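What you see is a predicted model; the values in this text were computed from it and never measured. Every heavy atom of this structure was used, including side-chain atoms; hydrogens, water molecules and symmetry mates were not.
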Amino acid sequence: LPYFPAPNLDQGSTYRASFSTNLALGQNLGDIRIDAHLTDKDTFMAHYSVSSNYEQNPNPFPAVPATNLHSKAQSWTARWTHIFTPTLLNTVQAAFYDSPFIFGAVGPGVNVNGMAGIQGFDNPAVVPEQSWPTIAISGFQGFQGSPSDQRPKYMRIRHVEFTDVMSYTRGKHEMKFGVEEMHRNDGFHIGQNSVGNWSFLGTYSGNGFADLLLGYPDNATRSPVQTLQGDYDDFKSLHFNDTWRARSNLTLTLGVRWE
């Protein structure tokens with residue numbers, strides 16, 4: 001009951017709690033690029049970019065803490081170009097991308113089930129982080145707990161990519177030969193419904209809120225947290241293309257690619 005707001009709006013015989021919430025957003029961006037002429041035949045480029053985002057989502061109940069979201073995307077790129085002859089040059093590039101997402105729990109550290117005297121939610125293998133369950137109350141605003149979005153959950157996406165392209169010009173032909181390789185690794189940690197979904201529908205008293213006060217839910221579900229899981233893949237490709245300026249008003253681009 002301490003988490004229910006006091007009514008501040010009288011609508012006939014109905015008393016409601018009405019209020020507005022604030023959504024806090026933040027973003028930090030950064031970019032840096034370096035271009036260098038190492039020799040008459042060698043150039044080098046390096047680039048780093050970062051985008052860090054923060055969000056604090058308010059709960060429909062002011063007494064329940066807001067949930068924190070954080071995502072961060074970073075990318076690094078390095079490119080080296082070497083001129084062998086006026087008609088032959090080589091470009092080698094390496095790139096790395098890293099993006100973690102963190103979706104915080106609703107009211108982290110608060111054992112609501114334990115406060116209500118409900119047993120069986122203290123196993124850290126099933127409930128690694130105590131937080132608010134989802135509580136549905138028929139005819140009333142319910143509590144949007146961690147299971148409403150399977151929180152807490154963490155995701156991380158990583159890419160490592162390498163490319164090597166040789167360019168050769170001869171007469172009216174500009175040819176390119178290349179190889180590409182990319183490794184992708186995605187990891188996930190999902191809270192699922194580890195702290196439970198509780199539904200009070202008025203099955204026993206005829207009123208959903210009265211059933212909540214009595215502690216008699218119509219139904220309840222739960223599922224253990226899914227620890228680190230994910231997938232990884234390796235992608236390889238070879239390609240060749242020829243830009244042929246056959247005439248002053250006709251250019252043909254022909255190519256083949258294997259992946």
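Looking at V165 and S167, their side chains come closer than 4.5 Å, going by heavy atoms from C-beta outward. Counting heavy atoms from C-beta outward, N241 and T243 have side chains that approach closer than 4.5 Å. A 4.5 Å side-chain heavy-atom check between N113 and M115 finds every atom pair outside the cut-off. The shortest distance between side-chain heavy atoms of S75 and S49 falls below 4.5 Å. Annotation: side chain of D42 is in contact with side chain of W80 (closest heavy-atom distance under 4.5 Å). For the pair Q56 and T67, the minimum side-chain heavy-atom distance is 4.5 Å or more. P62 is listed as a side-chain neighbour of F19, based on a closest heavy-atom distance under 4.5 Å. In this structure, the side chains of P147 and V195 come closer than 4.5 Å at one or more pairs of heavy atoms.
Although no hydrogens or angles enter the test, the distance criterion places no donor-acceptor pair under 3.5 Å between the side chain of D242 and the main chain of T253. Between the side chain of S194 and the backbone N or O of S223 there is no donor-acceptor pair closer than 3.5 Å. Remark: the backbone N or O of I135 is not paired with any side-chain donor or acceptor of Q144 at under 3.5 angstrom. Side-chain atoms of N111 come within 3.5 Å of backbone atoms of G114 as a donor-acceptor pair (strictly under, hydrogens ignored). A distance-only check finds no donor-acceptor pair linking the side chain of D164 to the backbone of V179 [under 3.5 Å].
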Item to check | side chain to side chain contact (heavy atoms under 4.5 Å, CB included) evaluation trace for H159 with F235 | outcome: CA-CA 11 Å; H159 297 174; F235 302 90; over 6 Å; no

Item to check | Audit row: F162, V92, side chain to side chain contact (heavy atoms under 4.5 Å, CB included) steps and yes/no | outcome: CA-CA 8 Å; F162 172 81; V92 178; 3.5 Å; yes

Checklist entry - After noting the C-alpha distance and the side-chain angles of T87 and T169, does the key distance pass the side chain to side chain donor-acceptor pair (under 3.5 Å) rule? => result CA-CA 5 Å; T87 60; T169 303; over 6 Å; no

Item to check | CA sep, side-chain torsions, deciding dist, call: N53, K72, side chain to side chain contact (heavy atoms under 4.5 Å, CB included) | outcome: CA-CA 6 Å; N53 302 277; K72 186 177 183 180; over 6 Å; no

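Annotation: Y48 is in aromatic contact with W76 [ring centroid separation under 6.0 Å]. Taking the ring centroids of F209 and F4, they lie under the 6.0 Å cut-off. Taking the centre of each ring, W198 and Y216 stay at or above the 6.0 Å mark.
Surrounding OH of Y15 are at most 12 heavy atoms belonging to other residues, nucleotides or ligands under 6.0 Å away. In the displayed structure, D10 atom CG is contacted under 6.0 Å by more than 12 heavy atoms of other residues, nucleotides or ligands. Other residues, nucleotides and ligands contribute at most 12 non-hydrogen atoms within 6.0 Å of the CD atom of Q119.
For residues 125-138, no pair satisfies salt bridge (Lys or Arg N to Asp or Glu O under 4.0 Å), with sequence neighbours left out. Identified under the salt bridge (Lys or Arg N to Asp or Glu O under 4.0 Å) test for residues 134-151, with sequence neighbours left out: D149-R151, D149-K153. Applying the salt bridge (Lys or Arg N to Asp or Glu O under 4.0 Å) definition to pairs two or more places apart or across chains, those involving residues 173-197 are E174-R245, E180-R257, R184-D186.
For D218, the side chain to side chain contact (heavy atoms under 4.5 Å, CB included) criterion is met by L201, T203, not counting sequence neighbours. R79 is linked by a side chain to side chain contact (heavy atoms under 4.5 Å, CB included) to M45, T81, T91, Q93, counting only residues two or more places apart in sequence or in another chain.
Between the side chains of S205 and D211, at least one donor N or O lies within less than 3.5 Å of an accepting N or O. No hydrogens or angles considered: nothing links the side chains of N90 and H82 as a donor-acceptor pair under 3.5 Å.
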Would you tabulate the side-chain donor-acceptor contacts of residues 99-109 under 3.5 Å, counting partners in other chains and residues two or more places apart, or write 'none'?
none

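Closest approach of H70 and S52 over heavy atoms only: NE2-OG, 3.1 Å. Of all non-hydrogen atoms in P217 and Y204, the two that sit nearest each other are O-CE1, 3.6 Å.
Ring-plane geometry between F143 and F61 is classed as parallel, the angle between the planes falling under 30 degrees on a 0 to 90 degree scale with a further cut at 60.
Rounding to the nearest 0.5 angstrom, the gap separating the OG1 atom in T221 from the CG atom in N193 is 5.5 Å. To the nearest 0.5 angstrom, F177 atom CZ is 9.0 Å from M166 atom CE.
Taking the ring centre of F188 as origin, the terminal cationic atom of R156 falls outside the region bounded by 6.0 Å and 45° from the ring axis.
With respect to the salt-bridge test (charged N to carboxylate O, under 4.0 angstrom), the residues R33 and D31 do not qualify.
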